Amino acid sequence: MTNQALLSVQNVVKTYESSAGPVQAVCGVSLELQRGAFAALVGPSGCGKTTLLNAIGGLDSVTSGRIWIDGTEITGLSDRKVIEFRLHRIGFVFQAFNLVPVLNAWENVAFVMELQGLGIKARRDRAYELLSAVGLSGKEIQRPAQLSGGQQQRVAVARALASRPSLVLADEPTANLDSKSTDKLLDIMRELNQKEGTTFLFSTHDPRVINRAEVLFPLEDGRLQA
Amino acid sequence: MNRPKLFARQSELGLAVRLAFRNLGRNRRRSLITGAAISFALFFAIILRSLQLGVYGHMVSTVVGSMSGYVQVSDTAYWPSQNLDYSLYEDQQWLEKLRQDPEVASAYPRIQGIGLLSVVDRSGVAQWIGISPEEAQSSLWQTRLASGSWESGPGSVWLGKRLAEQLQVEPGDSLVAIGQGFQGSVAGASWILAGTLHLGNPELEKRSAILKLEDAQDFSGAYGMWSYVQVTPQRRDINQDPSAELGARHPLDGAHFLSWQTRMPELIQTIEADTTGGRVILFILYVVIGFGLLGTMIMLANERRREFAMQLAMGMRRGLLAGTVFIEVLLLSLAGAATGILAGRIAVLILERYPLRLWGDVAAAIEQQGWEAILPPSLDWSISFTHAGIIVLITLAAAAWPLRTVFKTSPVHR
Ligand SMILES: Nc1ncnc2c1ncn2[C@@H]1O[C@H](COP(=O)(O)OP(=O)(O)OP(=O)(O)O)[C@@H](O)[C@H]1O
Ligand SMILES: [Mg+2]
């Protein structure tokens, strides 16, 4: 691994056991991502994007191989340490079901900070600031059900950034959005990426996202294409 | 390494409580229905048990309380023949000491036997009981007077209402009594009816004749003797038996202390058989409610599976997430239990003020067996709390399902 790389994936293999026998979803992927990158894993459905992102985020184990984030080998951490690592160092944006339905927008953004034990004032200030950065000023006390899909995704982006993580992982964040919302979300993420230097790694097969990414990792049948 | 705590920080507890409250409000109708099911089950259980235990208490106090006594001190040979010949010699000093025991509410010496009463061509068998002046003064007897008066000269008798009706006598009329006396003597006397008595139990009303202790001793020839001393302890619960304790503190030569439970095993058996029936009904109720709650909990767990996964992915500890769900269910069950206790208590108090009176054949059958056909409830708070505890535990047991879901859900998002 190179020292300055924020993310280093080495020879990661993930095999699922299914009733039809083992399925190799990721077959020996190695990649590096520099700090401040705006990158995307791209490829057709079923090529292993989600599997790889889940492994990088420590949500799922790998069959073999190693993953370093910011100098920590997360594939070597205990379950508890992985949870703590996720809490402090990684932000997630999923395709859907990102938000806690019973918390309003700012509380959702503050959720991670609350888990970290931040005081209410600090949480609220930062949440309001982030909501304004994603263009949701005035929507702070709306519950997720009162927000559009695009607005919900923007709340999720704000939340992913709330704890100033080293890396934000976003699995098809625009899959449920129309082009206008997609552009807006991408603008926001790009701006945060440039202003705050947060590193983003998406998975997508959405050409609108692919066009905006700085670095592309094409994936096919669980393998990176040269 | 320190072990993980359920709530590592105060802010975590705050978050858990907030999420729990909001989740309750999220599906308000379901929360209300679940809470209502809990309170209704509890309400029903409280009423059922209060009535059951109340009826037993009523049974015991009518049969035992005023008549044979919760505890009897008698000659060791007196039971079960209850023969006049096995009487005790009066011991006023011992009696005074017994009465001063803080565990003793009252202690009255009596002498009793069987006799035949007749008026003109009508007659009836009676159990005559000689009671002391102190006992006659007690509110228990004072309030039982149906007609006539307690103020009366020597040779007076007070009859159970039904016995007086059977003999067709009114206060002021005289009757002739005959019976077996002390040590083979013949007992005979002429008495004047001084009053009639409500005894709360038709059987007792048909065969009781109350005399003054001295008149009774005179009648039977058992001068200076007591058949037994009727003791009412302070603790009178069905499952309390203070007789051994009292006997040890107040020994009397040749006598022993017998509780009603020992003297009347059939009464205990009746109660136990009946209480088992009640328990079976409640058991079925709880099983039904328990499965209902389990169904609700499974639904809740399935609805939240994705949300759980997302929260775990965010870095929420499983323990904290489980704590959140636990608090939610706990709040729900406590709210249900509180309203159930409240409603049950109100109902029990109403039933105490206006006791249920049985009617028709059931009432007749019950009265035939000797019980007044009313259902007075027990006011014991422990009934409410025991059943509240049971239902809260059942609810929390059902919560094991969503808790299991929390621990089994993978943070992998799909
Ligand atoms: N839990 C699982 N058990 C068995 N096979 C799985 C499991 N999850 C994923 N797979 C398989 O692994 C492969 C990669 O799946 P993955 O979800 O990573 O694809 P993806 O690139 O994210 O696709 P999409 O663009 O449709 O989201 C697929 O062939 C899929 O069928
Ligand atoms: Mg996917």
Side-chain angles (χ1 to χ4, degrees), chain A residues 14 16 25 50-51 53-55 57-61 78-104 107-120 122-123 143-145 156 159-160 162-163 165 169-172 203, chain B residues 1-28 30-31 300-325 327-328 331-332 402 406-414:
Chain A
K14 174 72 186 181
Y16 288 111
T50 299
T51 306
L53 270 190
N54 285 345
L59 296 179
D60 207 353
S61 62
S78 69
D79 280 2
R80 263 188 70 211
K81 292 273 177 198
V82 170
I83 291 173
E84 205 168 312
F85 189 86
R86 274 209 302 270
L87 179 59
H88 290 95
R89 310 292 286 279
I90 303 177
F92 287 95
V93 181
F94 301 108
Q95 182 178 330
F97 302 106
N98 266 298
L99 305 179
V100 182
V102 295
L103 297 179
N104 63 32
E107 289 170 327
N108 261 294
V109 174
F111 182 73
V112 170
M113 294 186 272
E114 192 163 7
L115 291 176
Q116 290 174 341
L118 237 70
I120 174 137
R123 292 202 306 262
R143 294 251 177 124
R159 183 191 51 197
S163 60
L169 300 174
D171 191 5
E172 312 208 31
S203 90
Chain B
M1 209 168 93
N2 55 340
R3 293 202 312 124
K5 282 178 246 129
L6 188 56
F7 302 109
R9 297 183 203 88
Q10 210 186 329
S11 71
E12 285 195 346
L13 178 60
L15 177 65
V17 171
R18 185 147 36 90
L19 285 173
F21 266 111
R22 300 244 182 120
N23 278 324
L24 282 176
R26 166 185 195 171
N27 198 331
R28 228 166 256 142
R30 180 172 66 200
S31 299
L300 183 148
N302 287 345
E303 275 170 24
R304 308 239 179 111
R305 207 178 285 269
R306 277 188 155 130
E307 195 176 324
F308 288 162
M310 182 268 295
Q311 285 166 303
L312 293 171
M314 291 300 116
M316 189 173 195
R317 290 181 303 105
R318 281 183 201 274
L320 178 57
L321 188 52
T324 303
V325 174
I327 290 174
E328 178 183 344
L331 286 172
L332 185 61
V406 167
F407 284 99
K408 287 190 71 174
T409 299
S410 146
V412 172
H413 222 69
R414 49 184 93 250

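In this text, all values refer to a predicted model and were calculated from it rather than measured experimentally. Chain A is the first sequence line, chain B the second, and so forth, proteins listed ahead of strands; every chain is numbered from 1.
Looking at A/Ile90, there are no atoms closer than 4.5 Å to chain B (heavy atoms on both sides), in backbone or side chain. With a threshold of 4.5 angstrom between heavy atoms, A/Glu107 approaches chain B through side-chain atoms but not through N, CA, C or O. Of the atoms belonging to A/Arg123, it is side-chain heavy atoms, and not backbone ones, that fall under 4.5 Å from chain B.
Taking all atoms of both residues into account, the shortest heavy-atom contact from B/Leu19 to A/Val102 is CD2-CG2, 3.8 Å. The minimum heavy-atom distance between B/Met310 and A/Phe97, with the atom names listed, is CG-O, 3.3 Å. Across all non-hydrogen atoms, the minimal contact from A/Arg86 to B/Gly315 is NE-N, 4.4 Å. Pairing each heavy atom of B/Ala313 with each of A/Phe92, the nearest pair is O-CE1, 3.4 Å.
In this structure, the side chains of B/Leu312 and A/Ile83 stay at 4.5 Å or more apart for every pair of heavy atoms. Side-chain atoms of A/Phe111 and B/Leu15, non-hydrogen and from C-beta on, do get closer than 4.5 Å to each other. Within the 4.5 Å cutoff, the side chain of B/Arg18 has heavy atoms near those of the A/Glu114 side chain.
Within 6.0 Å of atom CD in A/Glu84, 12 or fewer heavy atoms from other residues, nucleotides or ligands are found, so the atom counts as exposed in its surroundings. More than 12 non-hydrogen atoms from other residues, nucleotides or ligands lie less than 6.0 angstrom from CZ of B/Phe407.
The only option from B/Gln311, B/Met314, B/Arg22 that meets the side-chain contact (heavy atoms from CB on, under 4.5 Å) definition with A/Val100 turns out to be B/Gln311.
The side-chain contact (heavy atoms from CB on, under 4.5 Å) check on B/Arg305 picks up B/Asn302, B/Thr405, B/Thr409, with sequence neighbours excluded. Not a single ring pair (Phe, Tyr, Trp, His ring centres under 6.0 Å) links B/Phe308 to another residue, sequence neighbours left out.
Between the B/Arg317 side chain and the A/Leu115 main chain, no donor and acceptor come within less than 3.5 Å of each other.
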